[in-house]
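The sequence lines fix the lettering, A, B, ..., with proteins before strands; numbering per chain opens at 1.
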Amino acid sequence: MKTYLGIDIGSISTNLVLIDEKNQVLDHLYLRTDGNPIKAVQNGLKKLKEKILGDIKIAGVGTTGSGRQLIGAIVGADIVKNEITAHAKGALHFIPEARTIIEIGGQDSKIIILRDGIVVDFAMNAICAAGCGAFLDAQAFRLKIPVEEFGPIAVESEKPTNISGRCTVFAESDMIHKQQVGHSIKDVVAGLCQSLVRNYLNNVAKGKDIQPPVVFQGGVSENTGIKKAFEKSLGKEIIVPQYNTVMGAFGMALLAKQNSKDESQFKGFEISEQEINCSSFECRACPNYCEIIEARIDGKVASRWGDRCGKWS
Amino acid sequence: MVKKRTTKEKLTIGIPRALFYYKKPYFWPTFFEELGCSVIISPPTQREILETGCKNSEIESCLPVKVLQGHIFYLLDKKIDYLFVPRIISLRENHSSCPKFFGLPDLAKLVSKKEVKILSPTIDFNKEDFNKTAFWLGWSLTNGFPLKRFKIIKAAYKNAWQKEKQAKEELNKNYLNQIESLERKVVLISHPYNLYDDFINLKIKEKLEKNGLEVLTIDALPFEFQTTFSHWDFASEMLNQAKEISKRAISGAIQISSFGCGCDSVIKEFIERIFREKKIPFLSLMIDEHTAEAGLITRLEAFVDTLN
């Protein structure tokens, strides 16, 4: 059976989605990147191999996310695409009439505006990653609440506390302060959800025409508290589609299928067993001192990148 | 200010390749050379220059000023008699330049050694015609020349302008070719010192061209200047050009602003509105000291995908 693999390597999670020729999801994985994208992908491939029974052939691989170049080079991707295109592709498969996509991941948050199934505009958070999953994660850790329970706790609150949403440093000190003066955890968590939504709408979605249907995806869309806060602020129904947390990887699998050629460049499931090392060095050939990254599979140079001039890549 | 010298004595003038340089890249070097000075222009920005600039700048400075600082340090290591850092108050009547431009000579003075003097004519179109400003600068540089000082300066001014004009005409001609081509066109909007400094803008032009796009730069557009609501000279120019080009057949517009630019933070919004009204896809990018290209590439790729 011919199958297509999409991998989304993000700052917090690494996701793999395997689809068949009818675009049916055969399997999907949501794994923590834990700061080691290569290890995460190796783990993912290993798990996928164990779970998939029967004779399958990978006919195409696509990578996206902030680690897309690195992993693309290592697994032998046929197509490497940015997250916006991948997320839009995935969402449109489930909700073809979607006009707005809200995507909040670990470090990036995006708004994608679609009209008639075509991306016409988008925006991403600028310099600051305030209000993304990584911050929620950090707060969950601080409060000793599993991040998965953030949503249910927030939804319970009737009087969310006011928390500053402009900057995570301020938000955190605000949260601590509110806790110290006696606000309940659920009100503080709900307040945090509202402040993240406020921050998103003011900074990322600033000036954009948010028209329904509004689709909400990315890791943070698992959080029902944030979903509720969005619905309250926008006064619109928010759709969280199936496979919401792995939508980028799903979109990539679709793109890999659409783009498939006779022979995939996929290096096979064996790479999960191989030793992959990445190292970097500074090229001193000119005063730019580019940081060159070198990936070695079992000691052999597989790929190099990072140079401005193309000498090494 | 400038010491007396004879025609035989050569003065070396250092020009930092940053900020104001990109506004008139041909005029000043030619002008000084015609007056018998030798000119050293710092090389295009590279990492060392940027790092020195950042290290020796005040944190709150905008990126272009930090870059300038780096170029100044580069030139101070060379054998120069003068460092050219004009005090630009206004480049258009009834307009004003960015306030940071007012203080650049003072900034240069603070970091330079005693042997190096700062050559800092005040350029203010509200008070004095540019040819007069240039003339008095030329006059001081030829102090000690026996005869024909007047003639030498006049010729230098004329030739310098000629060169600048030729370059501008070349750009405009290029624009006419581009606008007629059948390729998809994207207009890049920013200050010349961001548009033409490839290290700072991470070779954005090249990246777009690789995606099969024809790239127009806003300052190469040949439209007549008309006053706008903005009192900033460069903002007015940008708004004007943006308004005109938005009426032409272009596929998209990309605005680059540098982190910490006060003027851009205001103007950005108005530029965006011009293109939004015409339903032209618009992307706003922010550049900073960081050299990681990943974020920029993601945005550019996605933008190119929306054009398709």
Would you indicate whether [X], at its atom [atom1], is surrounded by more than 12 heavy atoms from other residues, nucleotides or ligands within a distance under 6.0 Å?
X        : atom1 : value
B:Tyr26  : OH    : no
B:Lys210 : NZ    : no
B:Glu60  : CD    : no
B:Lys55  : NZ    : no
A:Phe281 : CZ    : yes
A:Lys39  : NZ    : no

### When B:Lys279, B:Arg276, B:Glu206, B:Lys203 are compared by non-hydrogen pairs under 4.5 Å with chain A, the top option
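Highest number of heavy-atom pairs under 4.5 Å: B:Arg276.
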### Task
Name the member of B:Asp198, B:Thr306, B:Leu307, B:Thr45 that forms the most heavy-atom pairs with chain A at distances under 4.5 Å.
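Maximum pair count with chain A is reached by B:Thr306.
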### Message
Using a 4.5 Å heavy-atom cutoff, which residues in residues 65-77 of chain B come close to chain A?
### Response
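The stretch does not come within 4.5 Å of chain A.
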### Task
Not counting sequence neighbours, list each pair that qualifies as a side-chain hydrogen bond (donor to acceptor under 3.5 Å, both in side chains) and has a residue in residues 255-267 of chain B.
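Matches after skipping sequence neighbours: B:His191-B:Asp264.
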#### Entry: Distance, nearest 0.5 Å, that separates SG of A:Cys286 from CD of B:Glu48
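Between A:Cys286 SG and B:Glu48 CD, I get 10.0 Å after rounding to 0.5 Å.
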### Query
Which atom pair, heavy atoms only, marks the closest approach of B:Glu301 to A:Lys81?
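Taking B:Glu301 first and A:Lys81 second, the nearest heavy atoms are OE1-C, 3.9 Å.
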### Message
Looking at every non-hydrogen atom in both residues, tell me the closest pair between B:Arg299 and A:Phe122 and how far apart they are.
### Response
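Here B:Arg299 and A:Phe122 meet closest at O-CZ, 3.3 Å.
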For [X], which atoms come within 4.5 Å of any heavy atom of chain A: side chain, backbone, both, or neither?
X        : answer
B:Ile49  : neither
B:Phe303 : both
B:Glu51  : neither

### Task
Please step through side chain to side chain contact (heavy atoms under 4.5 Å, CB included) for the pair A:Ile84 and B:Asp305, ending with a clear verdict.
CA-CA 9 Å; A:Ile84 308 231; B:Asp305 280 349; over 6 Å; no
#### Entry: A:Glu83 and B:Thr298: CA distance, side-chain angles, deciding distance, side chain to side chain contact (heavy atoms under 4.5 Å, CB included) verdict
CA-CA 7 Å; A:Glu83 301 92 293; B:Thr298 302; 3.2 Å; yes
### Query
Do NZ/NE/NH1/NH2 and the carboxylate oxygens of A:Lys206 and B:Glu272 come within less than 4.0 Å?
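No salt bridge links A:Lys206 with B:Glu272.
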